[in-house]
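Here's the structure we're looking at; comments come further down.
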Amino acid sequence: QIKREKPENIPDLKYLVKEKFTALESKNSDSDLQRNEKYIYFKDQLKEMRKQYNGNEAIEEIDEDIAVTQSQMNFICPITQVEMKRPVRNKVCGHIYEEDAILKIIQTRKQQKKKVRCPKIGCSHADVKESDLVPDEALKRAIDSQNKQ
């Protein structure tokens with residue numbers, strides 16, 4: 001349709017796609033989902049997993065593993081991708097970085113007369129300043145105690 005039309009007459013594509021999607025969506029029903037083989041397979045897998053872990057101990061172990069992995073992940077600097085030695089927390093957005101790495105970025109961008117975006121993926125804070133950074137002593141102690149073990 002678009003190829004046949006003149007450039008001035010191009011239809012609202014967003015609207016056409018939304019209209020088509022709504023029409024297709026209205027054809028779907030819960031009974032279709034109940035018969036869908038991928039959905040059935042997924043439900044069966046969940047039932048199997050429940051049978052395997054039908055004790056709280058197994059689930060607690062998994063939670064503990066997740067907690068340990070999560071805490072180790074929090075030791076990694078989003079800039080250097082290595083474990084932090086001197087973590088600093090940004091007072092504005094709360095993200096943590098290796099002190100030397102963030103200071104180096106701030107200095108470089110200052111020389112270029114540009115602002116520093118928070119290097120944590122997905123953060124919208126667009127003006128990180130050296131005055132926003134405070135040492136994160138609690139995290140430093142956690143990293144140190146993890147390394148002693």
Side-chain angles (χ1 to χ4, degrees), residues 2 10-30 32-149:
I2 290 170
I10 290 182
D12 181 0
L13 292 177
K14 212 175 202 177
Y15 173 76
L16 290 174
V17 168
K18 195 171 191 172
E19 195 175 57
K20 186 80 170 165
F21 181 77
T22 306
L24 287 170
E25 196 176 36
S26 67
K27 290 180 186 174
N28 291 336
S29 70
D30 284 347
D32 292 335
L33 182 63
Q34 301 298 334
R35 290 193 301 268
N36 182 297
E37 64 183 58
K38 287 182 180 176
Y39 179 75
I40 293 167
Y41 177 70
F42 178 69
K43 279 184 75 173
D44 290 344
Q45 280 186 311
L46 285 177
K47 285 177 191 169
E48 279 302 310
M49 286 177 73
R50 275 204 188 109
K51 285 180 197 168
Q52 289 175 8
Y53 294 108
N54 69 349
N56 282 348
E57 299 129 30
I59 288 167
E60 282 172 17
E61 280 176 31
I62 291 170
D63 286 348
E64 203 172 285
D65 289 347
I66 289 171
V68 168
T69 306
Q70 190 64 45
S71 67
Q72 287 169 336
M73 285 296 295
N74 294 339
F75 296 167
I76 304 298
C77 172
I79 303 165
T80 62
Q81 295 300 310
V82 259
E83 188 175 83
M84 293 180 272
K85 290 174 178 50
R86 293 198 335 243
V88 289
R89 181 178 301 275
N90 187 328
K91 291 188 289 190
V92 178
C93 63
H95 291 121
I96 303 167
Y97 335 97
E98 177 60 49
E99 185 177 29
D100 293 342
I102 190 68
L103 291 178
K104 193 172 190 176
I105 290 174
I106 291 172
Q107 286 173 342
T108 304
R109 300 294 281 176
K110 196 183 228 178
Q111 289 169 352
Q112 299 168 345
K113 305 221 183 313
K114 294 182 178 174
K115 292 180 178 180
V116 178
R117 284 191 68 82
C118 173
K120 187 78 172 172
I121 294 171
C123 183
S124 60
H125 181 50
D127 191 12
V128 178
K129 297 179 181 76
E130 193 171 336
S131 59
D132 296 337
L133 306 174
V134 290
D136 193 320
E137 295 301 331
L139 184 60
K140 183 170 179 13
R141 281 194 302 276
I143 293 170
D144 291 345
S145 74
Q146 174 79 25
N147 290 336
K148 283 177 189 168
Q149 295 172 6

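Every value quoted in this text rests on a predicted model; they were computed, and no experiment measured them.
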Evaluate the side-chain proximity of [Y] to [X]: yes if any heavy-atom separation is below 4.5 Å, no if none is.
| X | Y | value |
| --- | --- | --- |
| F75 | P87 | no |
| K129 | I106 | no |
| E83 | I143 | yes |

For E99, salt bridge (Lys or Arg N to Asp or Glu O under 4.0 Å) partners two or more places apart
R86

Donor-acceptor contact below 3.5 Å, side chain R89 vs main chain I96:
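No, because the side chain of R89 does not come within donor-acceptor range (under 3.5 Å) of the backbone of I96.
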
Just by distance, do the side chain of E130 and the backbone of L103 share a donor-acceptor pair under 3.5 Å?
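Pair absent, no side-chain N/O of E130 close to backbone of L103.
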
With sequence neighbours left out, write down each residue that passes side-chain contact (heavy atoms from CB on, under 4.5 Å) with K91, or none if nothing qualifies.
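Checked K91 against side-chain contact (heavy atoms from CB on, under 4.5 Å); matches are V134.
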
Contact summary for L139 and M84, nearest pair of heavy atoms
CD2-CE, 3.9 Å

Does one side chain, of Y41 or E37, offer a donor that lies under 3.5 Å from an acceptor on the other?
no

Under the salt bridge (Lys or Arg N to Asp or Glu O under 4.0 Å) rule, what pairs show up with a residue in residues 107-116, not counting sequence neighbours?
none

Reported [atom1]-to-[atom2] distance for the pair [X] and [Y], which is rounded to 0.5 angstrom:
| X | Y | atom1 | atom2 | result |
| --- | --- | --- | --- | --- |
| D132 | H125 | CG | NE2 | 5.0 Å |
| H95 | C123 | NE2 | SG | 5.0 Å |
| I79 | I105 | CD1 | CD1 | 4.0 Å |
| K85 | T80 | NZ | OG1 | 8.5 Å |
| I102 | C77 | CD1 | SG | 8.0 Å |

Decide side chain to side chain contact (heavy atoms under 4.5 Å, CB included) for D127 and V116; before the verdict, give the C-alpha distance in whole Å, the side-chain angles of both, and the deciding distance to 0.1 Å.
CA-CA 5 Å; D127 191 12; V116 178; 6.0 Å; no

Should we say atom CG of L46 is surrounded by more than 12 heavy atoms from elsewhere, each under 6.0 Å from it?
yes

For the pair D144 and K140, find out whether any cationic side-chain nitrogen is under 4.0 Å from an anionic carboxylate oxygen.
yes

